[in-house]
Amino acid sequence: MPSLPLFFGPRWDWLQLEVTSRCNAACGYCPRTVYRESWRSRDMDWDTFQRLVPEFRRTSMVHLQGWGEPLLHPRFFDMLAAVKRAGVWAGTTSNGLLIDEDTAARLAASGLDMLAVSLAGTGEDHDRARAGAGLEATLAALRRVDQAKQRLGSATPALHVAFMLLRSGLPGLRRLPGLLAGTGVGQVVVSSLDYVCSEELAGEVLTPAQVLEAEDNLRKTAQEAAAQGLALSWLLPREQAGSAEFCSENVDRALVVAVDGAVHPCVSASLAANRGAAASAEALVFGSVREKTLSDIWVSKEYKAFRKSFGSGDRPLVCRSCPKLRVA
């Protein structure tokens, strides 16, 4: 069935495409590391991606990243070019390990609008949490892209940091602005651990008192960061759930297409595509772009009922205890 005409079809705030579930790091808090025995490491095939290209006209943003390292995909830059040809803002999140001088130059010349690099601390705490993706290597990758942009006179990609605030990282939080000085980073978004996939990780979850402590530190850090042109924002969990309609994943206006073409409302629900039978109870799948268009999946009876459930408070079981309902 063809996509719905643009003038009355769906519109999304963004689409997130998991271009690969492979990764060259072993971050301790990542489901890919914890579930490595059952994890499926795959690339999105070109045919699946091509089925999505006509849908780009229905969004203003496409983010090329899921549970894997996007730069591992052999056709990452082809995918990026297709997004840009559609006139759409394009972003990605990387661990930085593949960003050598040549890749930095390609990124600076590619039209990529935003490159986020992940951090999980400001010193040894980062290196413990993100095995294989050390702090110095990550910062060096940022500097390479910044220098490549300067050589080309390019304003893009804007450099961001996705900062995972673990309990062990609280003491070093105030060092963040100094750490990023000279890297070209303009924005940091701080989040906390909201998917606890092992008993060991439970000790890295912020308590309510630590959330308050972190927010106080973040407000002070944000003032220091602003002085060097660095914007700092955060999304941290609250003790109580928010309104029935709210989810920080914006499930009413955005979606995730997993590496196999399955359509999910968020990245947590997309874990089922990579974990096999171990994740069957967590699956929230509304179709596959290999069988129907993304627009037709979005307007299906089942997907509409899911979105309506957030207004009624009668959410699916997998959503009811999700920490993302308490993030603000």
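The model shown is predicted, which means the values in this text are computed figures rather than measured ones.
The residues Arg144 and Asp100 are annotated as not salt-bridged, no charged nitrogen and carboxylate oxygen being separated by less than 4.0 angstrom. Salt-bridge formation is not detected for the pair Asp102/Arg106: no Lys NZ or Arg NE/NH1/NH2 atom is positioned less than 4.0 Å from an Asp or Glu carboxylate oxygen. Salt-bridge annotation for Arg290 and Asp260: absent, with no side-chain N of the basic residue lying under 4.0 Å from a carboxylate O of the acidic one.
Taking CE of Met44 as the reference point, atom CZ of Arg51 lies at 12.0 Å (rounded to 0.5 Å). The distance from the NZ atom of Lys292 to the CD1 atom of Ile297 is 7.0 Å, given to the nearest 0.5 Å. Within the model, atoms OG1 of Thr221 and CG of Leu232 stand 6.5 Å from one another, a figure rounded to the nearest 0.5 Å. Here OG of Ser268 is found 5.5 Å from CH2 of Trp67. Values are rounded to the nearest 0.5 Å. Taken to the nearest 0.5 Å, the CG atom of Asn24 stands 8.0 Å off from the OG atom of Ser94. Taking SG of Cys197 as the start and OH of Tyr29 as the end, the distance is 11.0 Å to the nearest 0.5 Å.
Pairing each heavy atom of Gly182 with each of Asp146, the nearest pair is O-OD2, 4.4 Å. Across every non-hydrogen atom of Thr92 and Gln65, the tightest pair is OG1-CB, 4.1 Å. Residues Ala108 and Pro157 share a closest heavy-atom pair of CA-CD, 3.9 Å. The shortest non-hydrogen separation linking Gly66 to Glu18 is CA-CG, 3.6 Å. Leu294 and Glu55 make their closest contact through N-OE2, 3.3 Å (heavy atoms, listed as atom of the first residue, atom of the second, distance). For the residue pair Ala133 and Leu97, the shortest heavy atom distance occurs at CA-CD2, 3.9 Å.
Checking side-chain atoms of Arg22 against main-chain N and O of Leu72 turns up a donor-acceptor pair under 3.5 Å. A donor-acceptor pair under 3.5 Å is formed between the side chain of Thr59 and the backbone N or O of Trp12. In this structure, the side chain of Arg167 engages the main chain of Val205 through a donor-acceptor pair within 3.5 Å. Between the side chain of Ser21 and the backbone N or O of Arg40, at least one donor-acceptor pair lies under 3.5 Å. Thr20 places no side-chain N or O within 3.5 Å of a backbone atom of His73 that could act as its donor or acceptor partner. Judged by distance alone, the side chain of Arg36 and the main-chain N or O of Thr33 form a donor-acceptor pair under 3.5 Å. Side chain of Arg11 to backbone of Arg57: a donor-acceptor contact under 3.5 angstrom is found. Side-chain N or O atoms of Ser191 include none that pairs as donor or acceptor with a backbone N or O of Leu235 at under 3.5 Å. At least one donor-acceptor pair closer than 3.5 Å links the side chain of Thr122 to the backbone N or O of Gly172. Proximity of a side-chain donor or acceptor of Thr103 to a complementary backbone N or O of Leu98 within less than 3.5 Å is detected.
Atom CD of Glu101 is surrounded by more than 12 heavy atoms from other residues, nucleotides or ligands within 6.0 Å. Atom CD of Glu124 sits in a sparse spot, with 12 or fewer heavy atoms from other residues, nucleotides or ligands closer than 6.0 Å.
Met114 shares a hydrophobic cluster with Trp14, Met61, Trp89; the chain of contacts runs through ILVMFWY side chains whose heavy atoms sit under 4.5 Å apart.
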Candidate pair Leu15 and Val88, rule side-chain contact (heavy atoms from CB on, under 4.5 Å), full reasoning: CA-CA 11 Å; Leu15 300 179; Val88 176; over 6 Å; no
Please lay out, stage by stage, how Trp298 and Thr293 fare under the test side-chain contact (heavy atoms from CB on, under 4.5 Å). CA-CA 9 Å; Trp298 180 260; Thr293 68; over 6 Å; no
Between Thr156 and Leu112, is a side-chain contact (heavy atoms from CB on, under 4.5 Å) present by the stated rule, with each step listed? CA-CA 6 Å; Thr156 59; Leu112 179 69; over 6 Å; no
Check the pair Leu135 / Arg130 against side-chain contact (heavy atoms from CB on, under 4.5 Å), numbers first and verdict last. CA-CA 8 Å; Leu135 181 61; Arg130 293 184 60 80; over 6 Å; no
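Side-chain heavy atoms closer than 4.5 Å link hydrophobic residues (I, L, V, M, F, W, Y) into clusters, and following such links, even through other members, never connects Leu173 to Leu212. In the hydrophobic clustering of this structure, Trp46 groups with Val257; members are Ile, Leu, Val, Met, Phe, Trp, Tyr whose side-chain heavy atoms approach within less than 4.5 Å, directly or through other members. Residues Val299 and Phe286 share a single hydrophobic cluster, defined by chaining ILVMFWY side chains whose heavy atoms lie under 4.5 Å apart. Val263 and Val53 fall within the same hydrophobic cluster, where Ile, Leu, Val, Met, Phe, Trp and Tyr residues are linked whenever their side-chain heavy atoms come under 4.5 Å apart, directly or through other members.
Ring geometry, Tyr35 versus Tyr195: the interplanar angle exceeds 60°, so the pair is classed perpendicular (tilted spans 30 to 60°).
Considering only heavy atoms from C-beta on, His264 comes within 4.5 Å of Val285 through its side chain. Under the 4.5 Å side-chain criterion, counting only non-hydrogen atoms from C-beta, Asp125 is not in contact with Leu166. Side-chain contact between Val251 and Phe306 is present, with at least one heavy-atom pair separated by less than 4.5 Å. The side-chain heavy atoms of Leu179 and His126, taken from C-beta on, include no pair separated by under 4.5 Å. Val83 is not listed as a side-chain neighbour of Leu17, based on a closest heavy-atom distance of 4.5 Å or more. Annotation: side chain of Val145 is not in contact with side chain of Val117 (no heavy-atom distance under 4.5 Å). Between His160 and Val189, the closest side-chain pair of non-hydrogen atoms is not below 4.5 Å. Using a 4.5 Å cut-off on side-chain heavy atoms (C-beta onward), Asp194 and Pro237 make no contact.
Using a 3.5 Å distance cut-off with no hydrogens or angles, the side chains of Gln210 and Thr207 do pair a donor with an acceptor.
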